[in-house]
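On a predicted model such as this, the values are computed, not experimentally measured, just so you know.
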Amino acid sequence: MNGPPPSSFPAFDVSKSDRTDALTVVGLTVTYRMRGRDREVLQDVSFRVRRGEAYGLVGESGCGKSTVAMATLRYLPRNGKVKAGKIVIAGEDVQKLDADALRHLRANAISIVYQDPGRALNPSLTIARQVSEAFEAAGVARDEALQRTREMLQRVRIAAPERVMESYPHQLSGGMQQRVVIAMALASNPALLILDEPTTGLDATVEAEVLDLVAQLREELGTAVLFISHNLAVIGRMCERVGVLYAGKLVEEGATQDVFTRPRHPYTVGLLRCLPTAGRSKDSERLDTIAGSLPLPGSVTQGCIYAERCRLADDRCRREAPPPYRVSAAHGDQMSRCHYHERALELPRAVAEVAEADEATLQERRLESREGDARPLVLRTDKLSKTFHVGGAPLRAVDDVSIDLASGETLGLVGESGSGKTTLAKLMLGLLTPDAGSVLELDGAPLAARVTRRNDEQVKSLQIVFQNPDSALNRAHSVKRLIGRALSRLTPLRGPAIDERLATLTAAVRLPERYLGSRTRQLSGGLKQRVAIARAFAGEPRVVVCDEPTSALDVSVQAAILNLLADLQRERGVSYVFISHDLHVVRYLADRIAVLYLGRLLEIGPAAAVFGGPHHPYTEALLSSVPTLDTTHDGGADGGGRPARARIRLSGDLPGAASPPSGCVFHTRCPRKLGAICEQQDPPFADAGGFDANGGQAAAHRIRCHIPIDQLRTLQAASRDDAGTLPDIGADSAPESAGRSE
C-alpha cells in the first residue's frame with residue numbers, strides 16, 4: 001500500500017467513557033518481575049465493555065488474555081503489577097480502591113467463571129454451602145441465602161435443586177459443575193461477568209447448554225460479559241464485539257461479524273484460516289498455519305510485534321510500529337494495528353496444498369472405493385463389551401460394539417463424556433480386559449485381550465497419543481531420551497542406528513533438532529504433542545489411537561498437529577482411531593464416524609454421510625450443538641458463528657451405565673421418540689446407503705433407530721431448511737410421547 005497511511009486513532013475516545021460502561025480499560029500495561037527484570041506482558045491495551053454487552057478476547061495461549069482478567073480483578077500474582085493505565089468497573093477506578101472497597105467491588109460488581117469448574121469448587125463442601133456463601137458475602141443472612149441458593153440453581157436450569165444442593169462436586173457432571181459455578185458468579189447480580197475459557201473441557205451438548213444459559217441470563221439480568229476464549233466459533237456465537245490480542249497488544253478490534261467476515265490484521269486472518277470448517281477435509285486441503293511462535297514476554301521490538309511471523313511484512317513493518325488504524329465497517333468502526341490492513345486478506349498461505357503425488361494417491365483410493373477393490377482390514381472388533389463392577393452392581397461401559405478399521409483409514413469416535421469412547425480405545429490397546437465372547441483381531445489374526453499377553457509385534461502395532469502430553473511425558477527426561485527409550489523398546493535398533501532413526505523420526509514430526517536436549521517443561525504445548533506423536537510412531541505402528549490430542553491446543557497449533565497427522569498417514573499408511581469432542585476436527589480428519597451413546601454404537605458410516613444426513617437423532621443433536629464459523633478460505637466468515645441448523649436441546653443428563661434405559665438406550669432424551677416401541681424394543685441397524693472406506697456399498701452407513709431412514713431424512717431436511725425460523729427443538733417442542741427425563 002503506497003501513499004500516506006489512513007488516520008490512526010486510539011481504540012476509543014476515553015473522554016466519552018462513562019457509567020454506561022461496565023468495564024473501561026485504558027492504556028493498560030502490565031509487567032511481571034522475572035529473573036531480576038520487569039517484562040511487559042500487556043502493552044497499552046484499551047477497550048470497553050458496555051452494560052449488557054458481550055465482548056470477546058481471542059488469541060493464542062500466552063498472548064495476555066487471562067492477564068487482562070487478573071488485572072481487572074486486581075488478582076495479579078506477586079511478581080505482577082500494573083505499570084500504567086486505568087481500569088474502571090461500573091464507574092469505580094479499580095487501582096484507587098482500598099482493601100475494603102476492593103473486597104466490596106469483588107463481592108457485588110464483578111464475578112469470574114474459570115475454565116475448570118472442578119478446581120473452582122471445594123470438594124469437601126456441599127453445593128448448598130458453597131453457593132450460599134456467595135450470597136452471605138453480599139450481606140444476606142444464612143437462612144435467606146439458602147433460599148436464594150435454591151432459586152439461583154433453578155435459574156441456571158438445574159432441574160432438581162434440592163438434590164444438587166445436598167451433593168458434593170464430585171457427584172455432579174462437568175456441565176452441572178459449571179452451572180453451579182455460574183450460579184455462584186451471578187449471586188451478586190454483578191455488573192460484569194468474566195468467563196475465562198468456560199467451555200473448553202465440555203462436550204458439544206453440554207457446551208451448547210452452558211452457552212445458551214449464559215446468553216439467557218445475560219438477557220434477563222443485563223449483565224455485561226468479558227468472554228475469553230481461543231475458540232473463535234464460540235466467540236462468534238456469543239459476542240457482539242471482539243478484540244484480538246497478540247503478544248500483549250490489541251492488534252484488531254471491532255464488531256464480531258466485521259472482524260470475522262473481513263479481518264484487517266494478518267494475525268486474525270491466520271487464526272481464521274487455521275480452523276477446520278465445513279467443506280474442508282484432509283483429502284482436499286491442508287489447514288493453513290501460523291509460522292513461528294509468540295515472542296518471549298518483554299521482548300523489545302522496534303517495529304510491528306507480528307512482523308517476524310507475518311508473510312506481508314516488509315522493511316517498513318520491521319522499522320515502524322503501526323499505529324491503530326481506523327476504518328468504517330458494516331457494523332461500526334474496526335481497528336487494526338497493521339500498515340497494510342487493506343491487504344490483510346491477500347496474506348499468502350503458510351502451507352502448501354496437498355502435493356500432486358498425494359492427490360493422485362487420493363484419487364486412486366477414491367476410484368478403488370467405487371470399484372469395490374477393498375483395502376485390507378487392520379483392526380476388527382466383534383461384539384466387544386466391557387462390564388465394570390461398582391459397589392457390587394454391574395456397569396456396562398461398552399456394549400456389543402462391532403467395528404472394522406481399514407489400512408490408512410481414520411475412524412472418528414464421537415459422543416458425550418460417559419459414552420464409552422475412551423473405554424473402547426483402552427480395550428483395543430489391551431489396557432482393559434473385555435467381557436467373555438468379545439473378539440479382537442489384528443490383520444485377521446486373534447489379538448490377545450491384555451497388552452501383557454501380546455507379542456512385541458502386536459504391542460508396537462497399536463500405540464496411543466494422549467490428550468495431555470504433560471501427563472504422558474516424564475518431565476525429568478530430555479526429548480532425546482524420551483523418544484530414544486521408545487525406539488530401544490519397540491525396535492531392534494541399537495547404538496548409532498537409534499540416533500539415525502531418531503533423527504528421521506523427529507524430522508517426520510517437524511520437531512527441530514535443537515529441542516532434543518530440552519526437557520518437556522521447556523517446550524510449548526504444540527512441541528510437547530509432537531514429542532508424544534514421535535514416541536507413538538517409534539515402532540512403525542499399524543494403528544494409533546488419538547485421544548483428544550488437540551483439545552487443549554490453540555487453533556494455530558491444532559492446525560499444525562492435524563496437518564502432521566494427515567501427512568504421517570499419507571506417508572506411512574497408518575490407521576487412526578480419533579477421539580474428540582470437537583466435531584469440526586473429526587470431520588476434517590476422519591474417513592468414517594462411529595457415534596457412541598451409553599456404550600452402544602448408534603451410528604457408523606462415511607464422514608460425509610454421517611455429517612450430511614440422514615443421522616440418528618442423537619447424532620443430529622450433537623451436530624446442532626456445535627457453534628460454527630463458516631470461514632471462507634480467504635479468512636472471511638458468513639453467519640457470525642450461528643448454527644446452520646435448529647438447535648436441539650436434549651432433556652436430562654446422560655443416564656447411568658449401571659441402569660441403562662430399556663429398549664432404545666436413547667429414548668429417555670430423544671426429541672423424535674415414536675412411543676412404546678422405543679421404550680420396549682432395542683432397534684436394529686438400518687442401512688442408510690452410501691459407500692464405505694473399503695468400497696462396499698451395502699450397510700456402509702448404518703443407523704440404529706426405529707424411525708425409517710426415509711422418514712429421518714425428510715424430518716431432518718425440514719429442520720435444516722427451517723433453521724432460524726422454527727423454535728429450537730427440545731423439551732418445549734418435542735411430542736408428548738417423548739418421555740422426557742430430568
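Between the CZ atom of R587 and the CG atom of L589 there is a distance of 14.0 Å, given to the nearest 0.5 Å. Atom SG of C310 sits about 6.0 Å away from atom CG of L347, to the nearest 0.5 Å. The CG atom of L447 sits 7.0 Å away from atom CG of L379, with the distance rounded to the nearest 0.5 Å. Taken to the nearest 0.5 Å, the OG1 atom of T289 stands 8.5 Å off from the CZ atom of R349. Once rounded to the nearest 0.5 Å, the distance linking CZ of R454 with CG of L462 reads 6.0 Å. From L622, atom CG reaches atom CG of L602 across 9.5 Å, with rounding to the nearest 0.5 Å.
With S478 contributing its side chain and R481 its backbone, the two residues share a donor-acceptor pair below 3.5 Å. No donor-acceptor pair under 3.5 Å is formed between the side chain of D554 and the backbone N or O of V557. Judged purely by atom type and a 3.5 angstrom limit, K386 has no side-chain atom pairing as donor or acceptor with the backbone of L427. A donor-acceptor contact shorter than 3.5 Å is absent between the side chain of E571 and the backbone of L568.
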Before you tell me yes or no, could you show the steps for D567 and R510 under salt bridge (Lys or Arg N to Asp or Glu O under 4.0 Å), namely the whole-Å CA-CA distance, both residues' side-chain angles and the distance that decides it to 0.1 Å?
CA-CA 11 Å; D567 291 344; R510 321 297 191 261; 3.2 Å; yes

Passes side chain to side chain contact (heavy atoms under 4.5 Å, CB included), D582 versus T550? Steps please.
CA-CA 9 Å; D582 190 332; T550 63; over 6 Å; no

Go through Y576 and L405 one step at a time and tell me if the side chain to side chain contact (heavy atoms under 4.5 Å, CB included) criterion holds.
CA-CA 8 Å; Y576 295 132; L405 184 65; over 6 Å; no

K282 and D591: salt bridge (Lys or Arg N to Asp or Glu O under 4.0 Å), yes or no, with the steps?
CA-CA 9 Å; K282 63 178 181 182; D591 300 296; 3.1 Å; yes

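More than 12 heavy atoms of other shown residues, nucleotides or ligands fall within 6.0 angstrom of atom CZ in R572. Surrounding NZ of K460 are more than 12 heavy atoms belonging to other residues, nucleotides or ligands, all under 6.0 Å away. The 12-atom threshold is exceeded at CD of Q522, counting heavy atoms of other residues, nucleotides or ligands nearer than 6.0 Å. Crowding of K426 atom NZ: a count of heavy atoms from other residues, nucleotides or ligands under 6.0 Å not exceeding 12. Counting non-hydrogen atoms of other residues, nucleotides and ligands closer than 6.0 Å to CZ of R311 gives a total above 12.
Between I703 and H615, every side-chain heavy-atom pair lies at or beyond the 4.5 Å cut-off. When side chains are defined from C-beta on, L429 does not count as touching V543, because their heavy atoms never get closer than 4.5 Å. Residues S575 and T410 are not in side-chain contact: their nearest non-hydrogen atoms beyond the backbone lie 4.5 Å or more apart.
Contact between S407 and G573 at its shortest, heavy atoms only, is OG-O, 3.8 Å.
Legend: side chain to side chain donor-acceptor pair (under 3.5 Å) pairs involving residues 490-499, not counting sequence neighbours: none detected.
Side-chain atoms of E252 and S336 form no donor-acceptor pair, as typed in the model, at a separation below 3.5 Å. Side chain to side chain, E60 and H230 fail the donor-acceptor criterion of an N or O pair below 3.5 Å. When only modelled atom types and interatomic distance are considered, E603 and Y597 share no side-chain donor-acceptor pair under 3.5 Å. In summary, the side chains of E207 and S625 do not present any donor paired with an acceptor at a separation below 3.5 Å, with no hydrogens or angles considered.
Geometric assessment of R343 against the ring of Y340 yields a positive cation-pi assignment under the 6.0 Å and 45° thresholds.
Aromatic ring centres of H265 and Y246: separated by at least 6.0 Å.
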